[in-house]
2 protein chains.
Amino acid sequence: MQYQTGRKSSQPDKRGEILQAAATQFAENGFAAVSIRDLARAVNTTPAALYHHFSGKEAIYRATLEFVFSDKARATSDLAKGQEAPEVMLERLIVWLTRQFSDNPIMTRLLQRELLTGDKERIKLLTKEVVAAPFREIESLMRRLAPDHDDTLSAVSVLSLVLGYVELTPVLEEMTGQPVTHERDMAFANHASHLVLQGLSPQPDAGKVQ
Amino acid sequence: MQYQTGRKSSQPDKRGEILQAAATQFAENGFAAVSIRDLARAVNTTPAALYHHFSGKEAIYRATLEFVFSDKARATSDLAKGQEAPEVMLERLIVWLTRQFSDNPIMTRLLQRELLTGDKERIKLLTKEVVAAPFREIESLMRRLAPDHDDTLSAVSVLSLVLGYVELTPVLEEMTGQPVTHERDMAFANHASHLVLQGLSPQPDAGKVQ
DNA sequence: GTAACCTTACTGAACGATCGTTAAGCTAAC
DNA sequence: GTTAGCTTAACGATCGTTCAGTAAGGTTAC
């Protein structure tokens, strides 16, 4: 195979192309199982060429995370800016979260891998750049919606429902015998919305809990 | 370092010792990031010695999964054998699930890694050996507890809540600034129990949903 | 206008380290 | 004497990384 050489002969954004391929491979196989040569092959270049754009494998991985997670946190705040009743906003939020996860499998898998790897420093970054802002939005929404409950616990429940569903998807497919379609995702999102709405809103006939 | 040689000089269950060390390392770092030499070092032996007990790295990994997951499915059925009201049983179940996950980090991380890796065949095995039985128990419990709802969706919600909470634990620690203690786990379990109980049980004042 | 030079974006080749695995030999228990 | 349970040594493959060189563009000097 012939590689191109010289300056302007290459694509305008080789770095972005590398990161896209790296995201796909790291998401699928994890950091250790992806070699520099795998990445080079995926973008039709040589291992050494990658060292022109990045200082090493770790640097590629870090840049990949930034590439995939950047601006992910911003979208939730738009969701929260709506003027509707909090009940409507919660349902919209859960549907949106579910769709985000199932429509972006690469981002989702990288997120799950980062949560699993547990490196203190990277978790800190992930929290700050991706999770914190949406989490605070959900907390404040739940504070309005379920004033009787600890808002942190309520927010954790909402996030857990969606994240856990995504995590369970493969066994769910195996157990039901049918693939998890977009419709199934939405059915769960509706179920979860109802669950949280009825489960945490103040109940007139029951004594206050906690 | 001197290795022992000969037949009975070694420990009675070297195989079990290897699997225990393998479980720890595979859970922590994943399959690709653990080398045969790492495993050998952890049990004070040589790489070649491992090939006396197992046919290769893959075989060690498979045996490790079996070692860690065996009999995990049985315990739920004991939970479900209780004669108490389904409300009590659900709470007990959620508390027990939460404790299982947080008390067995190695099992939990291996489970999460298996869910993530997504190899069709291993997911099938994981489903059959670990998830299926508890899931069916939860389904039947939810059928009694929330007859108005799809029992599969209800069971998924219960499992998602606990599994998602465990998955979120690292960012939760980072965000609250304090470690997730046993008490915090139980606080979440109680919160989740209340959520599911009030969220899915039939509501006299509301029209049937779905 | 063009020759000289610099910079960018690569190339092929190789470095030492580590990978999973195997072969051959030894020792102690049965 | 057989065999289980190791040992040391080494195999070829692959790993992340580096190095010297090269081709194509842009910039500057004349």
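Throughout, a chain's letter reflects where its sequence line sits, starting with A, and its residues are numbered from 1.
In this structure, the nucleotide among D:dT8, D:dT18, C:dC10 sitting nearest to the side chain of B:Thr46 is D:dT8.
Applying the ring-ring contact (aromatic ring centres under 6.0 Å, His included) criterion to A:Phe31, with sequence neighbours excluded, gives A:Phe26, A:Tyr61. The side chain to side chain contact (heavy atoms under 4.5 Å, CB included) search around B:His52 returns none, not counting sequence neighbours. By the side-chain hydrogen bond (donor to acceptor under 3.5 Å, both in side chains) test, B:Gln83 pairs with no residue at all, sequence neighbours left out. Legend: residues meeting side chain to side chain contact (heavy atoms under 4.5 Å, CB included) with A:Leu145, ordered by chain and number and at least two apart, are A:Pro86, A:Glu87, A:Leu90, A:Met142, A:Leu197. Looking at residues two or more places apart in sequence or on another chain, you find no ring-ring contact (aromatic ring centres under 6.0 Å, His included) involving B:Phe135. Applying the ring-ring contact (aromatic ring centres under 6.0 Å, His included) test to A:Phe188 and every residue at least two apart in sequence or in another chain returns A:Tyr165. For B:Pro147, the side chain to side chain contact (heavy atoms under 4.5 Å, CB included) criterion is met by B:Pro202, not counting sequence neighbours.
Contacts between residues 33-41 of chain A and DNA chain D, defined by a heavy-atom separation under 4.0 Å, are made by A:Val34, A:Ser35, A:Ile36, A:Arg37. Of the residues in residues 50-63 of chain A, those placing a heavy atom less than 4.0 Å from an atom of DNA chain D are A:Tyr51, A:Gly56, A:Lys57, in numerical order.
Note: CD (B:Glu17) to P (D:dG5) measures 14 Å, nearest angstrom. With rounding to whole Å, B:Lys14 atom NZ is found 17 Å from C:dA28 atom P.
Residue A:Thr45 places no side-chain N or O under 4.0 Å from the OP1 or OP2 atom of C:dC10.
Inter-residue side-chain proximity for B:Ile123 and B:Glu114 is flagged as unmet; no heavy-atom pair is nearer than 4.5 Å.
Nearest-nucleotide mapping onto DNA chain C: of B:Pro47 and A:Ala49, the residue sitting toward the 5' end is A:Ala49.
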